[in-house]
There are 2 protein chains.
Amino acid sequence: MAVRGSYAKGVARREEILESALDVIGRKGYQNASLKEIAEVVGVTPAALLHYFGSKEELFTAVLRKRDEHDGLDPAFLDAEGARDGFLEVIRHNTQVPGLVALFSRLAVDAADPAHPAHDYFLERSERLRSSIAESFTNDDQRPALDPDTLARIIQAASDGLQLQWMIDPTVDMPGIMAALIDTLAPSPARGD
Amino acid sequence: MAVRGSYAKGVARREEILESALDVIGRKGYQNASLKEIAEVVGVTPAALLHYFGSKEELFTAVLRKRDEHDGLDPAFLDAEGARDGFLEVIRHNTQVPGLVALFSRLAVDAADPAHPAHDYFLERSERLRSSIAESFTNDDQRPALDPDTLARIIQAASDGLQLQWMIDPTVDMPGIMAALIDTLAPSPARGD
DNA sequence: GTCTATACAGGGATAGAC
DNA sequence: GTCTATCCCTGTATAGAC
């Protein structure tokens with residue numbers, strides 16, 4: 001209820017703004033992605049953007065949230081076999097959306113400030129992702145060199161750090177390096193190495 | 001030659017600005033470290049800062065460069081025995097200078113733009129650090145699971161990624177996790193594990 | 001609810017006086 | 001070498017039109 005009628009336009013506008021924001025970031029880089037520029041793409045004034053999202057930072061946080069919904073990261077991490085390939089597939093996909101990667105990394109830094117709107121987002125997402133990794137990549141048939149939580153932190157850290165390297169030098173083979181790391185730290189029983 | 005005389009004051013001012021910039025970043029965070037604020041600490045106007053460094057970004061890049069000189073990272077990585085502890089010591093030290101870590105991470109993201117003044121800095125520093133890691137942490141007495149360059153990239157990525165996690169949640173044990181990673185991927189012959 | 005118009009404070013950067 | 005003055009652009013708050 002109340003989804004149709006007077007709200008319909010607003011919902012559509014929200015989506016439009018989110019997509020335009022990502023578009024501008026992809027084309028002009030994060031730093032030059034001003035509210036003015038995004039608003040022009042949508043065909044409205046900057047104030048209209050702030051009507052839907054309270055601030056620029058909240059807008060960008062919403063872009064990240066939407067990506068998570070859309071990607072639905074978690075399903076890929078259900079079992080150990082699919083986990084490795086699912087994880088690598090996400091990383092491979094990131095290669096196709098540099099704007100999103102730039103946005104993610106930039107906000108991850110800014111969100112260090114507890115007052116930043118994305119602070120809780122990163123805290124929660126980070127923990128959710130880690131327990132998902134810990135659950136999927138824990139192998140019990142060998143003496144584990146690393147406890148699950150440490151393993152998860154390392155994989156997450158390596159993934160984020162590789163994105164930084166890749167942004168500065170796009171020739172960096174993110175999927176290949178992550179595959180090597182995972183296969184070394186948490187070799188799949190099925191692959192027998 | 002030409003270091004004394006009319007240049008002397010300028011050199012001193014440069015150092016003073018660099019230190020003040022770091023001071024303000026440490027106290028107020030990167031985002032709130034405006035040229036105005038830094039200039040006030042030094043006792044000059046923002047325009048004076050721009051006289052020495054061409055732009056805000058160049059100023060902050062210079063801060064990072066100075067840190068590298070001062071730290072002199074490389075000496076610690078001369079041999080395999082000292083490498084591990086030297087590396088961990090740097091990470092432990094970073095825990096004491098959150099402002100510097102924030103600055104480094106922020107610039108690492110912004111420098112993705114090839115036009116950013118810190119772009120080349122990160123490209124060069126990154127490569128130098130990696131070859132240093134590759135040289136130090138390569139163990140020949142066991143079948144190497146990872147080639148030296150991949151190993152170096154992973155250690156560097158994990159280190160940078162952990163800083164991201166640590167900034168958002170300062171309870172993260174960076175040195176402990178990095179130690180676990182290094183001991184797993186490149187166990188020291190002396191320690192025999 | 002959706003949005004424009006307007007105004008404002010703050011930022012970095014530039015030109016030119018001293 | 002340093003300052004003042006100025007400029008333009010940023011994000012944001014408010015008022016009110018539709």
Side-chain angles (χ1 to χ4, degrees), chain A residues 1-21 24-25 27-63 103 106-107 109-111 113 115-118, chain B residues 2-18 20-21 24-25 27-63 102-103 106-107 110-111 113 115-118:
Chain A
M1 55 303 220
V3 180
R4 70 175 65 213
S6 56
Y7 284 143
K9 188 180 182 183
V11 172
R13 263 276 190 266
R14 257 188 86 99
E15 294 302 305
E16 200 182 356
I17 292 168
L18 257 19
E19 279 167 28
S20 299
V24 173
I25 291 172
R27 285 187 295 105
K28 317 260 297 196
Y30 180 97
Q31 356 238 9
N32 303 344
S34 64
L35 289 181
K36 181 167 176 282
E37 185 116 18
I38 298 167
E40 277 170 6
V41 172
V42 180
V44 295
T45 61
L49 270 48
L50 297 179
H51 167 73
Y52 290 100
F53 310 90
S55 69
K56 186 191 183 183
E57 290 171 336
E58 283 177 282
L59 196 175
F60 286 135
T61 305
V63 174
L103 174 63
R106 177 48 136 70
L107 247 52
V109 173
D110 292 354
D113 180 356
H116 194 286
Chain B
V3 180
R4 68 177 65 216
S6 55
Y7 284 141
K9 189 179 179 184
V11 172
R13 264 272 192 267
R14 258 186 86 98
E15 293 302 303
E16 200 182 354
I17 292 168
L18 257 20
S20 298
V24 173
I25 291 171
R27 286 187 294 106
K28 317 261 296 196
Y30 179 97
Q31 357 237 8
N32 303 345
S34 64
L35 289 181
K36 181 166 176 280
E37 185 118 16
I38 298 168
E40 279 171 5
V41 173
V42 180
V44 294
T45 61
L49 269 48
L50 267 2
H51 168 71
Y52 289 99
F53 309 89
S55 69
K56 187 191 183 184
E57 291 171 335
E58 283 177 280
L59 197 175
F60 286 135
T61 305
V63 173
L103 174 63
R106 176 49 135 70
L107 246 52
D110 292 354
D113 180 356
H116 193 286

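Quick note on labels: first sequence line is chain A, next is B, and so on, each numbered from 1. Only a predicted model underlies this, so the values are computations on that prediction, with no experimental measurement involved.
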Contact pattern, 5' to 3', of nucleotides 13-18 of chain D - B, S or - by protein heavy atom under 4.0 Å
------

Rounded to whole Å, how long is the line connecting atom CG of B:Leu35 with atom C1' of C:dG11?
8 Å

Rounded distance (Å) that lies between atom P of D:dG11 and atom NZ of A:Lys56:
4 Å

B:Lys36 has an atom NZ; how far is it from atom C1' of C:dG12, in whole Å?
13 Å

Sole candidate of A:Leu18, A:Ile25, A:Ile17 that passes side chain to side chain contact (heavy atoms under 4.5 Å, CB included) when paired with A:Val63
A:Leu18

Donor-acceptor pair, side chain of A:Gln31 and main chain of B:Asp110, under 3.5 angstrom:
yes

Do A:Lys56 and A:Tyr30 meet the cation-pi criteria used here (NZ or CZ under 6.0 Å from the six-membered ring centre, within 45° of the axis)?
yes

Beyond-backbone contact of A:Arg27 with A:Val41, side-chain heavy atoms, under 4.5 angstrom
yes

For A:Leu49 and C:dC3, give me the distance from atom CG to atom P, rounded to whole Å.
10 Å

Rounded to whole Å, CD1 of A:Ile17 lies from C1' of C:dC3 at a distance of 11 Å

Heavy atoms, side chains only, cut-off 4.5 Å: are B:His116 and B:Leu107 in contact?
yes

Output the single nucleotide from C:dT4, D:dG11, C:dG12 whose closest atom is nearest the side chain of B:Ser34.
C:dG12

Nearest to the side chain of B:Ser55, heavy atoms from C-beta on, is which of C:dC3, C:dA13, D:dT12?
C:dA13

How long is the line joining CD1 of A:Ile38 and C1' of D:dC9, in whole Å?
15 Å

Round to the nearest Å and state the distance from B:Arg13 atom CZ to D:dG1 atom C1'.
10 Å

To the closest 0.5 Å, what do you measure between CZ (B:Arg13) and NE2 (B:His51)?
10.5 Å

Checking all strands, does A:Ala48 fall into the base, sugar-phosphate, or nothing category for heavy-atom contacts under 4.0 angstrom?
base

A:His51, nearest nucleotide to its side chain (from D:dG11, D:dC3, C:dT2):
C:dT2

From A:Phe53 CZ over to A:Leu35 CG, what is the distance, rounded to the nearest 0.5 angstrom?
11.0 Å

Round to a whole Å and report the spacing from CD of A:Glu15 to C1' of C:dT2.
17 Å

